[in-house]
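Comments concern the structure below.
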Amino acid sequence: MTRRPTFLRTQRLVLRPFTDDDLPVVVGLQCAHQTHPYELSPRTPSEAQAQFVSWRRHWAEHGFGYLVVEHAETHTVLGVGGVQLSSLDGEQVLNLYYRFFPDAWGHGYASEMGAAVIDWSEHVVPEKPVVVVTAVNNAPARRVAEKLAFSEYRRDHFLGVPTVYYRRDPSTAD
């Protein structure tokens, strides 16, 4: 087994940058209907590949970005998540993203990953606010955002989907 660099580690998770070997897993995750129950449609394989390339480019340019989320003991890929620079209403923000395989749902992995990534971002890029943008009807993603001390600040449409925008105020977080 090839040793892969760890970016962050939690009690149960290893969060690491993508490697070329992760492309099939990411395409499978991004293209599966089951992983997109609150969106109009999942990505096509070519869209998922382009997304993977853009995520790796972000890492090369900024030294951080979205991550592979692995179970620390089994090294099973549970999903992807992390923060990446994004422009939102003309402001540079860190978009907190998380998408997991259905078998990983309901175990607190998204919250655990999010807490570690937020802690890292508040120490390394404190000048950039962290936001979550998710579908209004995506109750699980919204619960994760609220558990991580995000507050709703706006509703709009994004890619044709009613969307809720969350922002985190570090001064009110635990």
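Sequential numbering from 1 along the given sequence is applied to the chain's residues.
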Report task. Apply the test side chain to side chain contact (heavy atoms under 4.5 Å, CB included) to residues V131 and Y165: give CA-CA distance (whole Å), side-chain angles for both, the deciding distance (0.1 Å), then the verdict. Result -> CA-CA 7 Å; V131 301; Y165 293 74; over 6 Å; no
Check: [Y] main-chain N/O paired with [X] side-chain donor or acceptor under 3.5 Å:
X   : Y    : value
R99 : L29  : no
T10 : E112 : no
D22 : T19  : yes
R12 : A72  : no

Query raised in the report: Under a single-linkage definition using a 4.5 Å side-chain heavy-atom cutoff for Ile, Leu, Val, Met, Phe, Trp and Tyr, are V53 and V27 assigned to the same hydrophobic cluster?
Result: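 No; tracing contacts between hydrophobic side chains, which count when under 4.5 Å, never links both residues.
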Exercise: identify the closest heavy-atom pair between [X] and [Y]:
X    : Y    : result
K147 : S111 : CD-OG, 3.3 Å
V130 : F150 : O-CE2, 3.2 Å
A141 : Y98  : O-OH, 2.9 Å
L85  : H58  : N-NE2, 3.0 Å
G82  : M113 : N-SD, 3.5 Å
P102 : Q34  : CG-CB, 3.8 Å

**Report entry** Reported OG1-to-CZ distance for the pair T35 and F101, which is rounded to 0.5 angstrom
**Finding:**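 If we round to the nearest 0.5 Å, T35:OG1 and F101:CZ are 7.5 Å apart.
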Flag side-chain contact, heavy atom, 4.5 Å: [X] against [Y]:
X    : Y   : result
Y109 : L13 : yes
Y66  : N95 : yes
W120 : V83 : yes
V80  : F52 : no
R56  : D20 : yes
L67  : W59 : yes

Query raised in the report: Aromatic rings F18 and W55: how do their planes relate, parallel, tilted or perpendicular, breaks at 30° and 60°?
Result: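 Ring orientation, 0 to 90° scale: parallel.
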**Report entry** Chi angles and distances behind the side chain to side chain contact (heavy atoms under 4.5 Å, CB included) call for R142, V136
**Finding:** CA-CA 8 Å; R142 295 183 66 189; V136 168; 4.0 Å; yes
Mark yes when over 12 heavy atoms from residues, nucleotides or ligands other than [X] sit less than 6.0 Å from its [atom1]; otherwise mark no.
X    : atom1 : answer
E91  : CD    : yes
E61  : CD    : yes
Y153 : OH    : yes

Query - Qualifying residue for side-chain contact (heavy atoms from CB on, under 4.5 Å) with F64, from V124, V117, L94 - result: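 The side-chain contact (heavy atoms from CB on, under 4.5 Å) with F64 is passed solely by L94 among V124, V117, L94.
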